Visitor: 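Dumping the structure here so I can ask a few things about it.
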Amino acid sequence: MSKVLLKNIGTLISGDISNPISKGNAILIEDGKIKQVGQDGDFDATGVETTLDCAGTTVTPGLFDSHCHVVLGDYTPRQKQTGFLESEVHGGVTTFISAGEVHLPGRPKDPVGTKALAILAAKSFANFRPGGGKVIGGAVILEKGLVKADFEELAREGVRTVGEIGLGTIKNPEDAAPMVKWAREFGMTIMMHAGGTSIPGSSTVTAEMVIQTNPDIVSHINGGPTAVAMDEVQRLVTETEMALEIVHCGNPKVAVEAANLCVKQNALRRIIIGNDAPSGTGVVPLGVLRVICHLASLTAIKPEEAVCMATGNTARVHKLPQGVIAEGKDADLVIMDSPMGSVGADALSAIEAGDVPGVAMVLVDGEIVVAKSRNTPPPVRKPEIQ
Ligand SMILES: [Zn+2]
């Protein structure tokens, strides 16, 4: 039984957007799970092996990248780079959601090959944690010829997600809708591309097509990279209850306008944050932190709410046991502070000012996977291991 205690936390972001800031200043972890959240001194600290004095810094749940185009291993053929996932863990991301392994060279499009790729990616990433991060790999791409029994087999073999609809040969709502129904019946979460054509072979998807197909998530409502028009954003926000994803590799203007519309419509629970990388835009290790800063500095969204969009909101949509700092949840945490030289006095005020915070430490299942970020600017304060 391993016990870790975090004490002297300055600000504790819960990940739950209905109550973003927790009152506690300490977290007790036991065997990789959060055992207790509260005031330092309230806990039974017997048997604690590691104590982290957080020195007044901010602790958040590990961030999610809700839109990552992994293939296999920590390598992307799209940009011919290795180590891109590990690099993102240094930007505070501890959970990656595959949006479809579309960049595999020679990707099969027949039903058996399509299933095989999704199952292989799901199983291989279940056994592989790049840089300590958890990858929900194996997002099946909808291709012609898939039948109900295929979705049953996919779900049984560990595939949890339907990758962005619109990237495969199934393009029309009338072809996609039955597959969406089958996938949902077997417990899968369904993503759908929205906006202009992203890569040769994929297609432009309008709000009307998304509404008719009825996925769980509108992938990149701000475009990946080309956005739908604002009147279509308006329809997706007001006429549906779908999760609305804002990505780094999209249209920054529509990100701001869509976010402000969600504020007005009281729809902040529905926003999730992703990178949409690797893509033509590149590989962006700090993309999720940058979207958090973008939203918190240029819209009416508060910084703690933006953090919840990249944590608890995404976890809820994907039914995952992390993303919220509460008893029983996986102890995936980020310790961050204002970056050196920022006008912000702490992580939240730096984010509100548009500065990427300094990541001081990252923990996954209660274990330190990053003790000093190689990608963010250095934080003013750092936790001390005791
Ligand atoms: Zn897309």
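Remember, it's 1-based here, ligands and their atoms both numbered in the order they're listed. From a predicted model like this one, the values you see are computed outputs, not experimental measurements. Just so it is clear, the values below take in all heavy atoms, side chains as well, and ignore hydrogens, waters and symmetry mates.
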Visitor: So, the side chain of Thr299 versus the backbone of Val256: is there a donor-acceptor pair under 3.5 Å, distance only?
Guide: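 Answer holds: no.
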
Visitor: Do the side-chain N and O atoms of His69 and Glu101 include a donor-acceptor pair separated by under 3.5 angstrom?
Guide: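 Side chains of His69 and Glu101: no pair found under 3.5 Å.
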
Visitor: Closest heavy-atom contact between Thr114 and Lys109?
Guide: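 Thr114 and Lys109 have their closest heavy atoms at OG1-C, 3.5 Å.
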
Visitor: Look at the N, O or S atoms of His67, main chain and side chain alike, and state whether any lies under 2.8 Å from the Zn ion (ligand 1).
Guide: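 Within the cut-off used here (under 2.8 Å), His67 places no N, O or S atom near the Zn ion (ligand 1).
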
Visitor: Is the closest side-chain donor-acceptor distance between Gln81 and Thr76 under 3.5 Å?
Guide: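 Their side chains do not contain a donor-acceptor pair, so the 3.5 Å distance test is not met.
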
Visitor: Quick one: report the N, O or S atom of Glu164 that is nearest to the Zn ion (ligand 1).
Guide: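 Nearest to the Zn ion (ligand 1) within Glu164's N, O and S set: OE1.
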
Visitor: N/O/S of Asp276 less than 2.8 Å from the Zn ion (ligand 1)?
Guide: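 Asp276 does not place any N, O or S atom closer than 2.8 Å to the Zn ion (ligand 1).
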
Visitor: What N/O/S atom of His193 gets nearest to the Zn ion (ligand 1)?
Guide: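 Within His193, restricted to N, O or S, the Zn ion (ligand 1) is closest to atom ND1.
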
